[in-house]
Amino acid sequence: MMASQNSETETPVTNSKIQKRQHWLSVLAKSPLEPIEKVWAEYSGFVHYELIRPPEIGLAMVRARTGGTGSSFNLGEITVTRAAANVQDTTGFGFIRGRNKRQAELMAVFDALLQREGTAEELMRKLIHPLDRALKTAADERSAKAAATKVEFFTMVRGEAD
Amino acid sequence: MSQESRTFTQGFSLPAMDMQYVFREILKALSSPGTEVALRKPGDVPLLNAASMAALLTLTDSTTPLWLDELTQNNDDLHNYLAFHCGVPVVNEQRRAEFAVITAQEKRPALDTFSLGTDEYPDQSTTVIVQVDAFTGERFRCTGPGVKTERNFMVSGLDADFWEERKALMPLFPRGVDILLTCGHCLIALPRTSCVEEISRCM
């Protein structure tokens, strides 16, 4: 939402800022709730936030292209949960796939905290990096499992008579 | 120049419930003109009064162009608030607007500069939200559909021109503009069919 609005006046500095934010939002959206909740337990005592958009569930249309190149078509609808929270004067947003209201809420709060200088670095270390590693390990495991079942097809080189 | 992320403030605390409540109250106000109804207050509202914002939150979305008067046109906080909670497009031409907000009487455009709709589609007219000083002061008599005999209400902060302009639009029915008067978190509706006469001016 915010990234698209100042796309014309973007400098490389804001660009990397936006990429960083996209990264942590992506990590928070894909991770399971428990580890996020665990880190929140450390902060809940002193971080006060105001929900300016309480978590709400809606639908989003997923569009796709056949073979990645064909013309796009509507693949189907997925449920999306969104929330927005203010931590002092910083607004954070949470958009996740599925219907987990709690996760959307916490994501919005952490997005706000990650934008604030006082808490950003610590949270990157405590929350985002471990979650990112866990996501990567899971992805690697999945692809290793898939790779183990890979079937190699050998084709005899056909000797063309010359 | 790096643009820091903007701060937004809260709308309704229970969006679905509050909007339904406000919608019902506005419906009630429109069906019995001259009756004062109380709306739910949204959170920190920039610039406008609570009733105007409650009405905008409830009635507007991305398909209803909104016109703002000179005082409110250039306020970033208000624009952010409306963009975040309603997604409403703000337009500069009164004729294109489906909703309009007037906060100051001095620089108010004439009522006939808004969209009056057409004979085929009178619903395409602009609904004008007018913020007034108080629902006390000058006394008015309201007659017409939705009023059995007559109904009195009080408003202060509207000039005589306003009532003249409104009267001049009445023969154009079904074309015309519907007016929502707001003050604090209260609202009085004057649909285009209501006939309003001034009874007395309070000292």
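Bear in mind that the values here come from a model prediction, so they are computed numbers and not experimental data. Each chain gets a letter, A, B and so on, in the order its sequence line appears, and its residues count up from 1.
No more than 12 heavy-atom neighbours from other residues, nucleotides or ligands sit within 6.0 angstrom of OH on B:Tyr121. Counting non-hydrogen atoms of other residues, nucleotides and ligands closer than 6.0 Å to CE of B:Met170 gives a total above 12. In this structure, B:Phe23 places its CZ atom where only 12 or fewer heavy-atom neighbours from other residues, nucleotides or ligands lie under 6.0 Å away. Heavy-atom contacts from other residues, nucleotides or ligands closer than 6.0 Å to NZ of A:Lys126 number more than 12. Other residues, nucleotides and ligands place no more than 12 heavy atoms under 6.0 Å from the CZ atom of A:Arg97.
Taking non-hydrogen atoms and a 4.5 Å limit, the residue list of residues 28-50 of chain A in contact with chain B, ordered by number, reads A:Glu50.
Between the A:Asn86 side chain and the B:Phe8 main chain, a donor and an acceptor come within less than 3.5 Å of each other.
Heavy-atom distances place no part of A:Ala112 under 4.5 Å from chain B, backbone and side chain included.
B:Phe84 CZ to A:Ile52 CD1: the interatomic distance, rounded to the nearest 0.5 Å, is 4.0 Å.
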